[in-house]
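Written below as structure tokens is the structure these notes are about.
Just so you know, residue 1 is the first one in the sequence shown, and it goes up from there. These numbers come from the heavy atoms of this one structure, side chains and all, not from hydrogens, waters or symmetry mates. Numbering of ligands and ligand atoms starts at 1, following listing order.
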Amino acid sequence: MSRKVYVLLGVPGAGKGTQAKRLAGEFNLAHVSTGEILRSEVREGTELGKKVKEIMEAGELVPDDLVIEIIRCCLQNFPDKDGFVLDGFPRNVRQARYLETVSDAMGVIAINIDVEEEEVIRRLSGRRFCPSCGKIYHIHFSPSREAGRCDDCGARLVQRKDDREEVVSERLRVYREKTFPVLHFYSSKGNYFEVDGNRSVDEVFEGLSEIVARFEDDCL
Ligand code: AMP
């Protein structure tokens, strides 16, 4: 059975992380988030973490060779999984070309979660997370029971440094310049799908699941 690589595309705040986690659970896929892996390197103060900390806090992309190495390792792991869902990679056309070279035997399916920029700014500015267990909240859409405290472990919730307003606008600029061309890269190859991301988490998940199910059924 060939293992597929599902690439979730979309502006920062489109819901890639949330949806990737759910898809991974539903279809037995390995969820690979380059952003999450890099944030954990920063938290742990590793050599890689030290190199990327400031770049990430400024909302810029970290150098390609660093993220490519992360992806290279991940795609060789997870033998018990039926495929991969990538969240945050590729972020530019060079990374997309690299992915083609390593996933030839697997096949890449790109799905763009299409969300209006205004909606994204509302989502990102209210997003909070628990630095202890990683649970994600939103001050309006999914608040914790006690304001500012994690429901599960009681730790004080914080805002990601790159979710601050000035950094969000830089991330959107970087998206338009570097990541937007990736949509065209995939649509010109014919393995590209879009779902309307301006809907509830469940509705978006349903749209994504329909696409993934088509390919996973083919694999059986
Ligand atoms: P994310 O959680 O996907 O929004 O990623 C957070 C930050 O990690 C980004 O703003 C970048 O600084 C860095 N990052 C994550 N994935 C990549 C990638 N594929 N290429 C370059 N930088 C990345």
Is ligand 1 under 4.0 Å from a heavy atom in the side chain of L38, in the backbone, in both, or in neither? side chain
Using a distance-only test with no angle check, is there a side-chain donor-acceptor pair under 3.5 angstrom linking E170 and Y175? no
Is the contact between V62 and ligand 1 made by the side chain, the backbone, both, or neither, using heavy atoms and a 4.0 Å cut-off? both
Is the charged tip of R22 near the ring of F205: under 6.0 Å from the six-membered ring centre and within 45° of its axis? yes
Sub-6.0 Å ring centroid separation between F193 and F215: yes
Proximal candidate to atom 15 (C) of ligand 1 [heavy atom criterion; set L8, T179, T34, I37]: T34
Tell me the nearest of S33, A14, P90, G88 to atom 19 (N) of ligand 1, using heavy-atom distances. G88
Give a yes/no on ligand 1: does K178 have at least one heavy atom closer than 4.0 angstrom to it? no
SB check E47 K51 (cutoff 4.0 Å): no
Just by distance, with hydrogens left out, do S209 and E206 show a side-chain donor and acceptor under 3.5 Å apart? no
Report whether V93 and V102 are members of the same hydrophobic cluster (ILVMFWY, side-chain heavy atoms less than 4.5 Å apart, transitive linking). yes
Can you sort out which atoms of ligand 1 are near R160, meaning under 4.0 Å from one of its heavy atoms? 1 (P), 2 (O), 4 (O), 6 (C)
Any cation-pi pair here, K189 with F185, using under 6.0 Å and within 45°? yes
Among E57, E54, R39, R94, closest by heavy atom to atom 6 (C) of ligand 1 is R39
Among R91, E36, R171, K16, which residue places a heavy atom closest to atom 1 (P) of ligand 1? R91
Does only the side chain of E170 get under 4.0 Å from ligand 1, or the backbone, or both, or neither? Count heavy atoms. neither
Closest protein heavy atom to atom 11 (C) of ligand 1, given as residue, atom name and distance to 0.1 Å: E60 O, 3.4 Å
